[in-house]
Amino acid sequence: MLRNVNVGRKSLADYYSIVSRDLMAEIRDLAGHLEGLRVCHINATSFGGGVAEILYTIAPLMNDVGLRTDWKVMFGRNEFFNVTKAMHNGLQGDPRSLTDEEKAVFDRYNVLNAGGLADQYDVIVVHDAQPAGIRRYAEGQDGAKWIWRCHIDLSTPNPDVVGFLLPYIEGYDLSVFHMASYIPDDDRVPEAVVVPPAIDPLAPKNMALSPEDAAYIVNQFGLDVERRLLLQVSRFDPWKDPLGVIDAYRTVKERFPDVQLALVGSMASDDPEGFDYFQRTLDYAGDDGDIFILSNLNNVGSVEVNAFQSHADVVIQKSTREGFGLTVTEAIWKGRPTVAGNVGGIPLQIADGETGWLVDSAEECADRCIRILEDPEAARAMARRGKQHVRHDFLSPRLLRDWLAMFCRLTGRGPTHG
Ligand code: UDP
């Protein structure tokens, strides 16, 4: 029932000019101890959202340094993804709990998918809650070490929902969180380590595009590339607050009547709620011809997201909850002035007033956008400082290093730090 994802090919050597030599040497050293290690990543979807984004880079890079890495996506119908979305919301604090029937659906699909784990692995990394139950039901993986990788903000969960999840997590050998504050204070959490995620500077989403090429692509979606552009790239999800972005844009428009807004959001297959929220966003935008609401359904893929991010005058990420916010990392890496919610992993990435702006409301968001548009040069200088921070802390080779260190430690091969 688990489906293999073709992870393609990437070469670590291509990153030599982007990150430090020391980091590269460390990776080579760790990888030397892990030759042939069989690793399996399991998650809910191969399309849409940050987890898939990371795995498309990290899995082939693990192969490139000598591991044998598979990535498997679990099978689920809407009935399952409706439950896991409710669970995801509950884990991020939504007061709605799960019904017994929903819990049974979660369990049933995890049993089903566990049955599909036929190959033998040394390390199995399970991402997020959807497939967390596979560890309990998998057979024939006796020698394997199991890691639960949490990508969301678990700092203030609905107690019922996290209480439902934790017994499934209890049997793992290690758990990994973006931030220390996300680790639940509960004995059932296995040994926890903190590792933030990263973006791939060489993926089509982030590779350097010339301003002309970026404008050429944006122009094809009907925007006026000579006029100012505010952008938010994110799934259509209440926590990403696209309606708040529209409010902020309306305030900015009073000051800069030529401003346009693009809301670019993919429809992830594990996010059925996305379509409803997409519709709500469309309704909220009304008949304003300067608001462009686009998604993969309009052929917006990675390169197009890159073009929008490279071209926008301000990139907004007005989240009210955010596990990490890879879209923020992506915008900063492209040197764009960024205004983002002061939540979750975003303050790790932005020093308020130094490398970007952190905001708590639509009014604040509008105010910072206006400041950026009033003095774009100063804003670009701030963004360039942010880019150095991303280069050091949030690019894929650093994440690869952290994974290899964890694998060394868990399997007892090589050095034990990490
Ligand atoms: N993304 C995309 N197309 C879209 C919307 C989002 O490719 O229309 C990507 C975005 O560029 C980022 C990821 O999906 O790489 C979202 O990750 P993030 O951590 O920001 O949020 P998540 O969706 O995981 O909550």
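Just so you know, ligand 1 is whichever comes first in the structure, and atom 1 is the first atom listed for that ligand.
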Is it the case that [X] and [Y] place a side-chain donor and acceptor less than 3.5 Å from each other?
X    : Y    : answer
N306 : K205 : no
E101 : T99  : no
Y249 : D288 : yes

Counting only nitrogen or oxygen atoms and a 3.5 angstrom limit, does G50 reach ligand 1?
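Yes: some nitrogen or oxygen of G50 is under 3.5 Å from one in ligand 1.
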
Nearest protein heavy atom to [atom], by residue and atom, and its distance?
atom                    : answer
atom 23 (O) of ligand 1 : R235 NE, 2.7 Å
atom 22 (P) of ligand 1 : K240 NZ, 3.5 Å
atom 5 (C) of ligand 1  : S266 N, 3.3 Å
atom 12 (C) of ligand 1 : E330 OE2, 3.2 Å
atom 18 (P) of ligand 1 : L326 N, 3.5 Å

How would you list all residue pairs meeting salt bridge (charged side-chain N to carboxylate O under 4.0 Å, His left out) that involve residues 176-197, not counting sequence neighbours?
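Qualifying pairs, neighbours excluded: D186-R188, E191-R409.
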
Go through ligand 1 atom by atom and flag the ones less than 4.0 Å from a non-hydrogen atom of G325.
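Near G325, the atoms of ligand 1 are 19 (O), 20 (O).
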
Between Y109 and F75, how do the two ring planes meet: parallel, tilted or perpendicular, split at 30° and 60°?
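The rings of Y109 and F75 sit tilted, inter-plane angle from 30° to 60°.
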
Quick one: are [X] and [Y] in side-chain contact, heavy atoms under 4.5 Å?
X    : Y    : result
D107 : Y137 : yes
Q232 : Q317 : yes
K72  : N113 : no
F278 : P242 : no

Among the heavy atoms of [X], does any lie under 4.0 Å from an atom of ligand 1?
X    : result
S302 : no
V264 : yes
G265 : yes
E322 : yes

Region of [X] that comes within reach of ligand 1 [heavy atoms, distance under 4.0 Å]:
X    : result
Q317 : neither
T327 : both
K205 : side chain

Which pairs of donor and acceptor atoms, one on a side chain in residues 346-353, lie under 3.5 Å apart (sequence neighbours left out)?
residue: Q349; atom: OE1; partner: T329; partner atom: N; Å: 3.0
residue: Q349; atom: OE1; partner: T329; partner atom: OG1; Å: 2.7
residue: Q349; atom: NE2; partner: F324; partner atom: O; Å: 3.0
residue: Q349; atom: NE2; partner: G325; partner atom: O; Å: 3.1
residue: D352; atom: OD1; partner: L358; partner atom: N; Å: 2.8

Compare V233, L294, L263 and give the one whose heavy atom is closest to atom 1 (N) of ligand 1.
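The option holding the nearest heavy atom is V233.
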
